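This structure is a prediction, so every number in the text was calculated from the model and none was measured. The figures that follow rest on heavy atoms only: side chains count, while hydrogens, waters and symmetry mates do not. Ligands are counted one by one from 1 in listed order, and the atoms in each one are counted from 1 as well.
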Amino acid sequence: MSDARIELAPGYTISRLIHGGWQLSAGHHPETTGGAHLRAGETVDELLRLVDAGITTFDGADIYTGVEALYGRLLDACRRRGTLPPQIHTKVVPDLALLPKLERRHVEALVDRSLRRLGTERIDLAQFHWWDTSVPGWLEAAAWLDDLRRVGKIRHLGVTNFDREQVGAILDAGIALVAQQVQYSVLDRRPEGGLVELARGRDVALLAYGTLAGGFLTRTWSGADEPDAELANRSLTKYRLVIRDGGGWRAYQHLLASLEEVASRHGVSPANVAVRWILDRPGVAAAIVGGRSAAHLASNLETLRLELDDEDRELLSRALEGFPGPTGDVYHLERDRRGAHGSIMRYDLNALADPASRTSKEDAG
Ligand SMILES: NC(=O)c1ccc[n+]([C@@H]2O[C@H](COP(=O)([O-])OP(=O)(O)OC[C@H]3O[C@@H](n4cnc5c(N)ncnc54)[C@H](OP(=O)(O)O)[C@@H]3O)[C@@H](O)[C@H]2O)c1
């Protein structure tokens with residue numbers, strides 16, 4: 001497991017497999033099951049198992065209801081047992097309605113609220129998102145976050161879902177960006193359209209999400225017909241659209257069969273091959289793999305042991321030719337709020353996540 005960890009910035013090391021926390025948030029599952037995975041004590045115990053196995057980095061967001069507080073309990077549990085703290089990454093996602101009137105104090109209040117929920121004095125990595133880049137203000141907001149980094153509330157600054165040009169503009173403004181979190185997988189190779197080159201050239205680490213397409217890149221879906229009913233969670237709803245617009249169900253099934261073929265050569269699962277493929281891409285520092293528990297821990301550790309050889313890579317690159325994936329810059333499709341990808345997203349979760357917060361509900365108006 002020689003590449004199990006990576007230095008994201010000088011003196012700051014993370015695990016190359018990051019546990020994704022969206023799946024732990026109340027809003028990820030339909031109303032009927034929402035929040036069922038946030039059984040505080042049990043969930044913290046599950047997350048401690050990941051930490052002990054070397055998956056020490058966790059991805060959350062201020063809009064993943066309940067997740068920052070959960071990570072706060074994880075940090076507390078590590079403190080109490082006297083072990084090293086995990087690395088906690090969160091996101092700063094001002095609500096869409098707030099963007100035209102966003103001020104420095106709003107950004108600071110969002111960060112302060114995350115710090116309170118996490119029970120820490122400094123956020124390890126704050127990843128900034130701006131829902132609509134045609135609304136001016138994102139560069140200023142990134143600079144305000146960089147100021148919060150300078151005063152010590154944020155250890156490192158990242159962004160998520162910015163196009164290549166905007167990442168370049170943020171860097172050109174002298175903002176100390178260390179990472180961009182972006183959708184990148186065998187199904188969605190849009191970062192290869194220019195972002196990867198920029199990121200590598202300017203030392204911005206890519207943290208890839210969607211690496212299992214919410215579960216579509218696992219054996220569960222091998223040979224399955226295209227679902228036409230409502231899916232079990234928001235990830236599957238999202239990645240079904242990626243499959244539809246990236247090549248269609250048949251092409252996806254063919255790609256899944258190729259992942260299985262490579263997996264069988266090594267005695268692992270197609271999920272392992274999909275995540276290994278992304279970890280091997282130039283510029284990718286880590287793969288975020290979501291989960292409700294530690295149930296897939298043993299399998300995910302296999303990914304770190306897996307080494308793809310030339311024959312595997314050849315087989316996979318032929319399979320990828322048959323699934324071109326979505327086109328355009330990394331968040332182009334999603335940014336169209338009336339389009340299929342944009343219309344399934346929720347743009348007001350900071351207001352909903354903490355109705356008592358003055359930052360969100362009142363100001364988001
Ligand atoms: N920045 C953004 O806009 C953005 C967007 C989406 C996601 N994310 C981040 O990325 C994370 C991942 O989310 P995602 O939606 O892209 O999902 P994903 O990681 O592609 O897939 C997660 C699903 O895979 C299953 N799984 C995990 N390991 C497995 C294994 N070894 N074998 C079989 N199944 C396995 C999990 O199962 P269980 O449900 O059984 O645990 C879960 O349902 C999120 O939690 C979040 O942190 C960020």
Mind checking whether [X] and [Y] have parallel, tilted or perpendicular rings, split at 30° and 60°?
{"X": "His89", "Y": "Tyr12", "value": "tilted"}
{"X": "His19", "Y": "Phe58", "value": "tilted"}
{"X": "Phe216", "Y": "Trp221", "value": "tilted"}
{"X": "Tyr184", "Y": "Trp277", "value": "perpendicular"}

Practice task
Inspect the surroundings of CD in Glu103 and state if more than 12 heavy atoms from other residues, nucleotides or ligands are less than 6.0 Å away.
Solution key: yes
Handout entry: Close side-chain approach of Arg79 to Pro85, heavy-atom, < 4.5 Å
Key = no
Practice task
Write out the protein residues near ligand 1, meaning a non-hydrogen atom under 4.0 Å from one of its atoms, in order of chain and number.
Solution key: Gly20, Gly21, Trp22, Gln23, Asp59, Tyr64, Lys91, Thr160, Asn161, Gln181, Tyr209, Gly210, Thr211, Leu212, Ala213, Gly214, Gly215, Thr218, Ser235, Tyr239, Ala271, Ile288, Val289, Gly290, Gly291, Arg292, His296, Ser299, Asn300
